[in-house]
2 protein chains.
Amino acid sequence: MFACPITRRPPNMKSNRKESAAADLKRRVLTLECPPGMPLDEVELAQRYGLSRTPLREILQRLAGEGYLTAATNRGASVTSMDLATMRNFFQSAPMIYAAIARLATEQATPSGIVSLKKIQKKFTASVKKHDAGEMSLQNHHFHAQLGEMANSPYLAPSLERLLIDHTRMSHRFYRMSQPPSVTRINQACAQHDAMIAAIERGDPAATVAETIDHWELSRAEMDKYVIPDALPFDDFAHSTNQQV
Amino acid sequence: MFACPITRRPPNMKSNRKESAAADLKRRVLTLECPPGMPLDEVELAQRYGLSRTPLREILQRLAGEGYLTAATNRGASVTSMDLATMRNFFQSAPMIYAAIARLATEQATPSGIVSLKKIQKKFTASVKKHDAGEMSLQNHHFHAQLGEMANSPYLAPSLERLLIDHTRMSHRFYRMSQPPSVTRINQACAQHDAMIAAIERGDPAATVAETIDHWELSRAEMDKYVIPDALPFDDFAHSTNQQV
DNA sequence: TGTATGCATATTGTATTCAATATGGCAAAC
DNA sequence: GTTTGCCATATTGAATACAATATGCATACA
């Protein structure tokens with residue numbers, strides 16, 4: 001359907017242990033179930049997914065290529081770490097790539113691509129209503145990954161994927177918060193998704209880009225708070241317990 | 001030295017058959033010795049590089065992740081093809097990424113990074129004087145890959161790498177031409193490299209970006225000619241034999 | 001007590017073997 | 001004459017067995 005040089009295309013829909021193992025590993029990395037820097041034991045993972053070390057090692061290689069893991073010779077694989085040095089780069093590069101992807105996705109959108117995007121957005125909305133933080137985070141990831149597929153750019157896609165990995169991991173705590181202010185902002189983000197879909201449908205690249213910038217600014221503000229959180233209230237310690245730093 | 005999440009770091013300098021095999025495969029792809037779309041035989045490659053299929057398959061996975069190869073389940077790996085559909089994307093995306101990398105490389109350049117860049121440029125200049133087309137192409141690739149390393153951006157690096165793969169393959173014929181006009185342009189490109197190094201050394205990002213844009217325009221013009229070559233001279237067929245389309 | 005060295009153990013890397021899937025040719029039927 | 005199904009062969013995928021390398025601890029020496 002879409003060009004995708006990395007992921008292998010399953011020729012049939014038979015039970016694919018290898019694919020599902022890779023997908024589960026990705027999920028665990030994105031949801032911080034496997035935190036940054038965590039070393040991965042080959043034999044443990046092989047047992048967990050019911051396959052031998054050989055195919056599992058090939059999965060690790062692939063995920064390393066996609067940026068989820070980092071491989072070191074004779075020292076195994078570990079979850080790619082998120083040091084502060086690269087954070088600066090993240091905030092520098094993300095808007096440019098996101099905007100470019102938004103434009104290309106609008107210009108090159110196909111009907112089936114829009115249908116997929118709407119399906120994902122539906123799941124995202126549902127998870128927002130259910131207050132399912134993990135699912136929100138994952139569906140938001142899928143939404144933006146789908147935009148990447150619709151942009152149909154083999155050159156920008158790999159950068160987008162790497163940005164999304166860290167974006168999802170950083171904003172994870174954002175979705176976990178269920179205080180009123182965060183709920184409002186999550187609804188805002190959800191509405192922005194809808195606006196992006198609408199702009200794509202009417203073929204208005206400038207609007208999609210504008211919505212994308214707004215969406216980014218909202219997310220960036222939240223991440224700023226995570227990196228540099230609000231000071232704990234020093235006049236009322238009772239309130240500080242909910243202020244998830 | 002520099003962060004590099006994909007490529008495995010050899011902990012010692014012992015003879016590393018696996019690494020050298022991967023490097024040679026990359027070289028063969030970049031120099032079109034393995035043309036786009038060429039299927040790769042696992043057993044043949046394993047024999048060629050003197051290792052068994054297991055480690056060779058891991059190399060193929062990695063190179064697929066980096067964009068050199070494309071893997072299809074149960075159907076083996078093949079050299080990533082260059083269809084005209086993606087070419088459009090290439091010309092759209094390349095200037096943006098190249099400019100961003102040029103800026104970051106200037107801002108984050110380290111003394112050792114500049115030293116490496118100069119070494120590569122020295123090799124490039126030498127290959128230009130020796131009219132060694134293959135070496136020119138490879139060293140030009142290394143030059144820009146080194147700029148990518150100096151930019152030190154794990155998010156933009158993967159896109160730059162993919163762009164460079166196809167850029168190197170597309171401009172390969174450019175370097176093979178030894179007619180006076182092309183020689184002039186190759187010298188121009190070489191001078192632009194020098195100008196970029198100078199701009200980086202005096203910490204002038206705007207200048208590096210400007211030189212990068214010029215460099216891109218020069219290269220783009222050449223590639224345009226390859227995609228839409230000059231009409232063959234219809235008044236003098238003797239000259240047409242050298243006009244490598 | 002602090003450091004260095006050697007061994008035992010654990011983990012990773014590679015080769016070989018076996019199983020699953022795809023490919024191409026042949027034959028039979030329409 | 002063309003097409004379709006089947007079988008033989010080739011190629012890929014996975015598992016086991018084995019080799020190489022790294023890690024941690026214990027011991028010896030300064």
Side-chain angles (χ1 to χ4, degrees), chain A residues 4-26 28-29 34 37-66 68-81, chain B residues 4-26 28-29 34 37-66 68-81:
Chain A
C4 187
I6 299 173
T7 308
R8 296 189 162 210
R9 293 155 293 191
N12 47 26
M13 283 300 132
K14 288 184 182 177
S15 70
N16 202 333
R17 280 181 303 173
K18 211 170 165 182
E19 275 309 313
S20 60
D24 188 64
L25 256 175
K26 283 188 191 179
R28 296 213 294 158
V29 170
C34 295
M38 175 186 181
L40 299 175
D41 185 0
E42 290 181 359
V43 296
E44 182 204 313
L45 288 175
Q47 286 178 343
R48 170 194 285 261
Y49 296 119
L51 29 81
S52 90
R53 275 180 58 225
T54 309
L56 187 111
R57 279 169 61 90
E58 292 187 353
I59 290 173
L60 296 183
Q61 296 271 347
R62 256 172 52 199
L63 294 189
E66 293 178 30
Y68 289 85
L69 309 179
T70 303
T73 321
N74 290 327
R75 246 174 292 173
S78 54
V79 178
T80 300
S81 57
Chain B
C4 187
I6 299 175
T7 308
R8 296 189 160 211
R9 293 157 294 192
N12 47 26
M13 283 300 131
K14 286 183 183 176
S15 69
N16 201 333
R17 279 180 303 171
K18 211 170 166 181
E19 276 309 314
S20 60
D24 188 64
L25 256 175
K26 282 188 190 180
R28 298 212 294 157
V29 170
C34 296
M38 176 184 179
L40 299 174
D41 186 359
E42 290 181 0
V43 296
E44 182 205 312
L45 288 175
Q47 286 178 344
R48 171 194 284 260
Y49 296 119
L51 29 81
S52 87
R53 275 180 59 224
T54 309
L56 186 112
R57 279 169 61 87
E58 293 188 351
I59 290 173
L60 296 183
Q61 296 271 349
R62 256 172 53 200
L63 294 190
E66 293 177 30
Y68 289 86
L69 309 179
T70 303
T73 325
N74 290 327
R75 248 175 289 173
S78 54
V79 179
T80 300
S81 57

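We name chains A, B, ... by the order of the sequence lines, and we start the count at 1 in each one. Everything quoted here is computed from the prediction, not taken from an experiment.
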Measure the NZ-CZ distance between B:K26 and B:R62 for me, rounded to the nearest 0.5 Å.
-> 7.0 Å
Set of residues satisfying side-chain hydrogen bond (donor to acceptor under 3.5 Å, both in side chains) with respect to B:D41, sequence neighbours excluded = none
What's the CG-P distance between A:L45 and C:dT11, to the nearest Å?
-> 13 Å
Under 3.5 Å, side chain of A:R17 to main-chain N/O of A:G50, donor-acceptor pair present?
-> yes
Whole-Å distance, B:E58 CD to D:dA14 C1', equals 13 Å
So, is B:K18 close to the C:dT14 phosphate, meaning a side-chain N or O under 4.0 Å from OP1 or OP2?
-> yes
Assess whether side chain to side chain contact (heavy atoms under 4.5 Å, CB included) is satisfied between B:Y49 and B:L25, documenting all intermediate values.
-> CA-CA 10 Å; B:Y49 296 119; B:L25 256 175; 4.0 Å; yes
Rounded distance [0.5 Å steps], CG in A:L63 versus CD in A:Q61 = 10.0 Å
Remember a base hit wins even if backbone is also touched, and classify A:L56 as base, sugar-phosphate or nothing at under 4.0 Å, heavy atoms.
-> nothing
Rounding to a whole Å, what distance do you find between B:Q61:CD and C:dG13:P?
-> 15 Å
Spacing between B:N74 atom CG and C:dA19 atom P, to the nearest angstrom = 17 Å
Partners of A:R48 by side-chain hydrogen bond (donor to acceptor under 3.5 Å, both in side chains), sequence neighbours excluded?
-> none
Please work out if A:L60 contacts a base, only the sugar-phosphate, or nothing of the nucleic acid, heavy-atom cut-off 4.0 Å.
-> nothing
A:N16 atom CG is separated from C:dA20 atom P, nearest whole Å, by 15 Å
Whole-Å distance between D:dT9 P and B:D41 CG?
-> 19 Å
Quick one: B:R17 CZ to D:dT21 P, roughly how many Å, whole number?
-> 11 Å
As a check of understanding: the bend across the helix from C:dT1-D:dA30 to C:dC30-D:dG1, end axes from five pairs, rounded to 10 degrees, works out to 20°
Within residues 46-54 of chain B, those residues having any heavy atom closer than 4.0 Å to DNA chain C are B:L51, B:S52, B:T54
Integer-rounded Å distance: C:dA15 C1' and B:E42 CD | 15 Å
Full working for side-chain hydrogen bond (donor to acceptor under 3.5 Å, both in side chains) between A:T80 and A:T70 = CA-CA 5 Å; A:T80 300; A:T70 303; 3.1 Å; yes
Listed by chain and number, what are the side chain to side chain contact (heavy atoms under 4.5 Å, CB included) partners of B:T54, not counting sequence neighbours?
-> A:T54, B:S52
Could I get the full list of side chain to side chain contact (heavy atoms under 4.5 Å, CB included) partners for B:A77, not counting sequence neighbours?
-> B:L60
Selected nucleotide, minimal atom distance to A:R57 side chain, candidates D:dA14, D:dA22, C:dT14 = C:dT14
